[in-house]
Student: 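My questions all concern the structure below.
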There are 2 protein chains.
Amino acid sequence: MKPVHVAGAAVHPFGKHRDLNAAELGHRAVRALLDTTGITPDAVDTGFVGSSYGGSLLAQRILQRVGVSGQPVFTVENACASGASAVHLAWQAVASGAAQAVIAVGAENLSGFGGGTLPLTTNDIEIEQGVIMPAAYAMRAQRYLHDFGATVDDLTAVSVKNRANGADNERAHFQREISAQDVAESRPVADPLRLLHCCPNSDGAAAVLLCSEEFAAQLDTPSVRLRASVVRSGTFHTQYRDMTWPDITERTAKAAYAMAGLGPADLDLVELHDAFSIAELLHSEALGLVERGKAYQAVRDGEFDRHGRVAVSPSGGLMSRGHPVGATGTTQICEAYWQLTGQAGALQVPGASVALTHVTGGGIFGVDNGACSVHILTAD
Amino acid sequence: MKPVHVAGAAVHPFGKHRDLNAAELGHRAVRALLDTTGITPDAVDTGFVGSSYGGSLLAQRILQRVGVSGQPVFTVENACASGASAVHLAWQAVASGAAQAVIAVGAENLSGFGGGTLPLTTNDIEIEQGVIMPAAYAMRAQRYLHDFGATVDDLTAVSVKNRANGADNERAHFQREISAQDVAESRPVADPLRLLHCCPNSDGAAAVLLCSEEFAAQLDTPSVRLRASVVRSGTFHTQYRDMTWPDITERTAKAAYAMAGLGPADLDLVELHDAFSIAELLHSEALGLVERGKAYQAVRDGEFDRHGRVAVSPSGGLMSRGHPVGATGTTQICEAYWQLTGQAGALQVPGASVALTHVTGGGIFGVDNGACSVHILTAD
């Protein structure tokens, strides 16, 4: 496989953009990417757009408007991992030598649904019975607190940390710190989760340029190496499921570590799928950042702070940035790119040279999560 | 690039299956594929599922139920070319050496919409103004008849031919011949098109196994070579558009012929996107099967008959098989596979050794069609 570089990144700020559909959001992110990198649309070999709710031919709607017109483009769906799946397929195209330059985009407008929980498919037996996302994560939280001695305050600490990080991120949906009291006073969603234990539904888009070493060398923008790109699906089984152990994250991360020749101890920062505060505890353990059942102590001890042992969601995570489903995985790559090229400004993790991004999502019958993706990037 | 083989094919018969959602239809097709080829789910490296309306995580919903569980799987959308795009990405995975065996699926249930024209996106300026599919093809038909001296009878001849082919296809939505009089007496849709000039909205699914030469050699099923797999998007422009020349088909086919080292004269059969009868005339010309403006004469002269110079849609085409959007491109590969391995039964084109499949679709602002895919397969 050939080396794959990330040589440009752009985000349309997340938030409530009721008047901007997914195509418009995506278009703005890609236009910014082309402006930043200086590449011409003709130089793009192919494009992948991740989205869950963007509708038919979203890839064409986004890319044709910036002049990427005629080339093969594809819209990819993998629930919350849609944007990361777009990056993965772009990576595959470059790694295989089939393409020199590929644009990967994530774009989503969730405001159109008018709020509330995400509209999930009605032909899934678990969802029909009420296992919507907040309910599933609440069950996981209850079990985690029971098994490992953590408290609701530990869940709250994740929200407080990530909202503090996001306060410095001009691309985030929420750019304001919150206190533990704010969390405690926010309205209950699914016991023990309160509103501020949950990420918001957002609208937004992100775009990255993946390219060969030779292509990257011709650009004026700095580039980083994409050392691993892995997607896995949940395994199907109908027996006992350990809700505190997201094995899909463990399997995906293991494959990514093997591909990159790196391990958890090498990571300077992790952008993780904290759709709910409990998710940071579960997934940081499954990623191997900390021993099982100890993540809440790591948060307490500041190990996951921006200046801690390993910065977890220095950008603010889904909790601050928001979660426009298909855009999330792509945005994480952007945040990692800026960190590794020293362009993260107020968010900068000192000396960041290895980053991991992680998304997982989409619960369906018989599995923990539908899809998971892990990417590992290095400064050189 | 490594040689890519198609080593198995299965179709869930198309038709009205209101009680079977896309996941169930796809699941049945894949189960039949595994039964036919004898491969175990563990041997599958990855899966791609094409669908326009199947919903989130359709790939997982289909593949996990047959035991393809844990592997990376992706749902791909490219309007009517969704299934063909799934085949293309599967081809890329095998051709690049990244995978040994990949399942590509197309699955769709359109009955859920309750009939009428396809629900298209409402944020497209042309669609908002009434350029739904039957209207677009009616305009193309009017112009073709005007420019080249064809008559409505020539459009009718396409329907009669393809419905006669489909009468022998047990997988088709319609398995009954029709007469020119039937067409003339069917209700008007968009002048000059009548109902029997249009393919039906259908429900159905298809699955194919794409694999390496070594993998194919281990199977008991016969295999064919996938010589070319090309996807292109429509080019964006807002000036005069020649509605009788689908340049997207010409561009895609040219790239496919170059990749395969074959030309139109080498083809024994073509499965073509006859969503409306006029489409066979337009696309057969753009594929180079016949000179521009002469396709209607070729149909008159029987050149496109099953025993003619080049069989066009010997399976019955979309006109007979029906058109469950995402499933169409995958089904065409199945039909080509059966023809090239001598398993086409009553549909068999004598001595078939080279086949081309073509889908195009999804009109959006400023382009003729959103996406197009051409595949070329050979018996060895």
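Predicted model only: the values in this text are computed from it and were never measured. Chain letters run A, B, ... following the sequence lines, proteins first and then strands; every chain starts at 1.
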Student: Compute whether any side-chain donor of one residue and acceptor of the other, for B:Ser233 and A:Gln71, lie under 3.5 angstrom apart.
Tutor: no
Student: Need one label for A:Arg232: side chain, backbone, both or neither, based on atoms under 4.5 Å from any heavy atom in chain B.
Tutor: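 Backbone plus side chain of A:Arg232, per the 4.5 Å heavy-atom cut-off to chain B.
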Student: Check each atom of B:Asn21 against the heavy atoms of chain A and say whether the ones under 4.5 Å are side chain, backbone, both or neither.
Tutor: side chain
Student: Could you tell me whether a side-chain N or O of A:Thr235 sits under 3.5 Å from a main-chain N or O of B:Gly70, the two making a donor and an acceptor?
Tutor: no
Student: What part of B:Leu89 gets within 4.5 angstrom of chain A, counting heavy atoms only: side chain, backbone, both, or neither?
Tutor: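 Only the side chain of B:Leu89 comes within 4.5 Å of chain A.
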Student: Spell out, as yes or no, whether a donor-acceptor pair under 3.5 Å connects the side chain of B:Gln92 to the backbone of A:Ala93.
Tutor: no
Student: Name, in order of residue number, those residues of residues 94-109 of chain A that have a heavy atom at a distance of less than 4.5 Å from a heavy atom in chain B; otherwise write 'none'.
Tutor: A:Ser96, A:Ala98
Student: Is it the side chain or the backbone of A:Phe48 that comes within 4.5 Å of chain B heavy atoms, both, or neither?
Tutor: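 Answer is side chain: those atoms of A:Phe48 sit under 4.5 Å from chain B.
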Student: Check whether any side-chain heavy atom of A:Phe74 lies under 4.5 Å from a side-chain heavy atom of B:Val231, and answer yes or no.
Tutor: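 Touching, per the 4.5 Å side-chain cut-off.
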Student: Would you mind checking which part of A:His237 comes under 4.5 Å of any heavy atom in chain B, side chain (CB onward), backbone (N, CA, C, O), both or neither?
Tutor: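 Answer is neither: A:His237 stays 4.5 Å or more from chain B.
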Student: Identify the two heavy atoms, one from B:Asn78 and one from A:Val73, that lie closest to each other, and give their separation to 0.1 Å.
Tutor: ND2-O, 2.9 Å
Student: Taking every heavy-atom pair that is under 4.5 Å apart, which of B:Gly234, B:Ser52, B:Ser85 has the most such pairs with chain A?
Tutor: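 Most heavy-atom pairs under 4.5 Å with chain A: B:Gly234.
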Student: Compare every heavy atom of A:Gly370 with every heavy atom of B:Gln60, then report the nearest pair and how far apart it is.
Tutor: NE2-O, 3.2 Å
Student: Of all the heavy-atom pairs spanning B:Glu77 and A:Ser56, show the shortest one and how long it is.
Tutor: OE2-OG, 2.7 Å
Student: What is the distance from atom CG of B:Leu57 to atom SG of A:Cys80, rounded to the nearest 0.5 Å?
Tutor: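 Answer rounded to 0.5 Å: 8.5 Å.
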